[in-house]
Amino acid sequence: MKIAIIGAGTMGDALGKVWAKVGHYVIFGVRNPPQGRGNSNPPMAGMGAGTAVMSLLDAAMKADIIVLTAPWPTVPDTIKALGDLSGKVLIDCTNPLALNGEGSLALSIGSTTSGAEEIEKLAAGSKVVKALNIYSGENCANSEYPNAAGLKPVMFYCGDDDEAKGKVHQLVAELGFEPVDTGGLGMARSLEPLALLWIRLSVSNGRNTNFTWARLTR
Ligand SMILES: NC(=O)c1ccc[n+]([C@@H]2O[C@H](COP(=O)([O-])OP(=O)(O)OC[C@H]3O[C@@H](n4cnc5c(N)ncnc54)[C@H](OP(=O)(O)O)[C@@H]3O)[C@@H](O)[C@H]2O)c1
């Protein structure tokens with residue numbers, strides 16, 4: 001697949017490197033090519049020939065799959081810079097998080113909508129799938145958690161377009177996760193708080209960030 005990573009920071013860098021390794025053509029869409037790295041990790045380090053760095057517009061035009069990994073406050077401007085997204089699969093990895101009045105991380109847009117649904121309104125004609133928002137980039141780049149039960153970490157996703165979800169399912173599986181389709185895009189109202197829970201249990205409380213969710217069934 002031709003994948004444009006939009007916002008090549010911690011998260012975008014982690015995802016792009018793995019997908020490039022398994023044979024996808026990965027285009028990093030940056031604000032200021034070729035010097036657009038700022039303080040983020042250099043995404044080109046150690047990568048193969050199947051990668052490129054381009055402007056946001058060029059990256060979006062050349063790819064079939066757009067992976068949005070920009071900071072939440074920048075999302076409206078970033079999407080505008082991507083041009084016409086009609087027919088493109090847009091994987092939304094963002095989380096609409098901000099500090100609340102008490103200094104705790106919270107959902108900045110409440111719980112009667114979701115970041116993914118707001119993004120769908122901004123990215124007219126695209127097929128939005130919420131995915132890859134519930135762990136750190138580090139956990140996405142290395143999903144291996146050996147365990148006696150042979151379980152894989154789960155990665156929940158949701159969206160309204162089945163064909164788009166099929167592609168995301170494959171990309172998520174290639175990262176080493178058990179992909180779990182949770183339903184329509186409205187389910188992002190559950191997946192975004194799940195990211196908040198993961199952050200509270202790991203980063204915020206100073207616990208181990210090396211943990212994921214797994215699914216036990218019988
Ligand atoms: N970090 C994680 O572990 C993680 C996990 C799950 C979800 N997420 C979500 O993924 C998104 C990105 O998080 P991140 O931690 O990867 O962020 P980050 O390291 O700060 O990188 C974000 C990238 O977005 C681009 N960008 C575009 N407009 C920008 C602006 N106005 N200011 C700053 N950067 C801008 C920059 O790339 P260029 O300079 O190349 O344009 C920057 O490197 C967020 O929505 C976050 O909630 C992150």
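Read the numbers this way: they start at 1 and go in the same order the structure lists the ligands and their atoms. We use all heavy atoms of the structure for the numbers below, so side chains are in, but hydrogens, waters and symmetry mates are not.
- Here the side chains of M11 and N133 are not in contact, with every heavy-atom distance at 4.5 Å or above.
- Not less than 6.0 angstrom separates the ring centroid of W213 from the ring centroid of F156.
- P76 has its side chain out of reach of E118: every pair of non-hydrogen atoms, C-beta onward, lies at least 4.5 Å apart.
- In terms of polar-atom proximity, R31 is counted as a contact of ligand 1, with an N or O under 3.5 Å from an N or O of the ligand.
- Of the heavy atoms in F28, none comes closer than 4.0 Å to ligand 1.
- Shown in contact with N95 at under 4.0 Å from a heavy atom are these atoms of ligand 1, numbered in order with element: 7 (C), 45 (O), 47 (O).
- At under 3.5 Å, a nitrogen or oxygen of M11, whether backbone or side chain, sits near a nitrogen or oxygen of ligand 1.
- Backbone and side-chain nitrogen or oxygen atoms of V30 are examined, and none is located within less than 3.5 angstrom of a nitrogen or oxygen of ligand 1.
- Close contacts between ligand 1 and G137 involve ligand atoms 2 (C), 3 (O) [criterion: under 4.0 Å to a heavy atom].
- I91 CD1 to I66 CD1: the interatomic distance, rounded to the nearest 0.5 Å, is 9.5 Å.
- Shown in contact with W72 at under 4.0 Å from a heavy atom are these atoms of ligand 1, numbered in order with element: 45 (O).
- Close approach of ligand 1 to A8 is summarised as follows: ligand atoms under 4.0 Å from at least one heavy atom of the residue are 37 (O), 43 (O).
- Of the heavy atoms in T10, both backbone and side-chain atoms come closer than 4.0 Å to ligand 1.
- Looking at D64 and K2, no side-chain N of the basic residue comes within less than 4.0 Å of a carboxylate O on the acidic one, giving no salt bridge.
- Of all atoms in ligand 1, numbered sequentially from 1 with element shown, those under 4.0 Å from a heavy atom of G9 are 16 (O), 19 (O), 21 (O), 23 (C), 43 (O).
- In the vicinity of C93, heavy-atom distances shorter than 4.0 Å reach the ligand 1 atoms 7 (C), 8 (N), 9 (C), 10 (O).
- A distance of 11.5 Å separates NZ in K17 from CG in L15, rounded to the nearest 0.5 Å.
- At a threshold of 4.5 Å between non-hydrogen side-chain atoms, the residues V53 and I27 do not count as touching.
- By the 4.5 Å heavy-atom criterion applied to side chains, T94 and K130 are counted as neighbours.
- Considering both main-chain and side-chain atoms, A70 comes within under 3.5 Å of ligand 1 through a nitrogen or oxygen pair.
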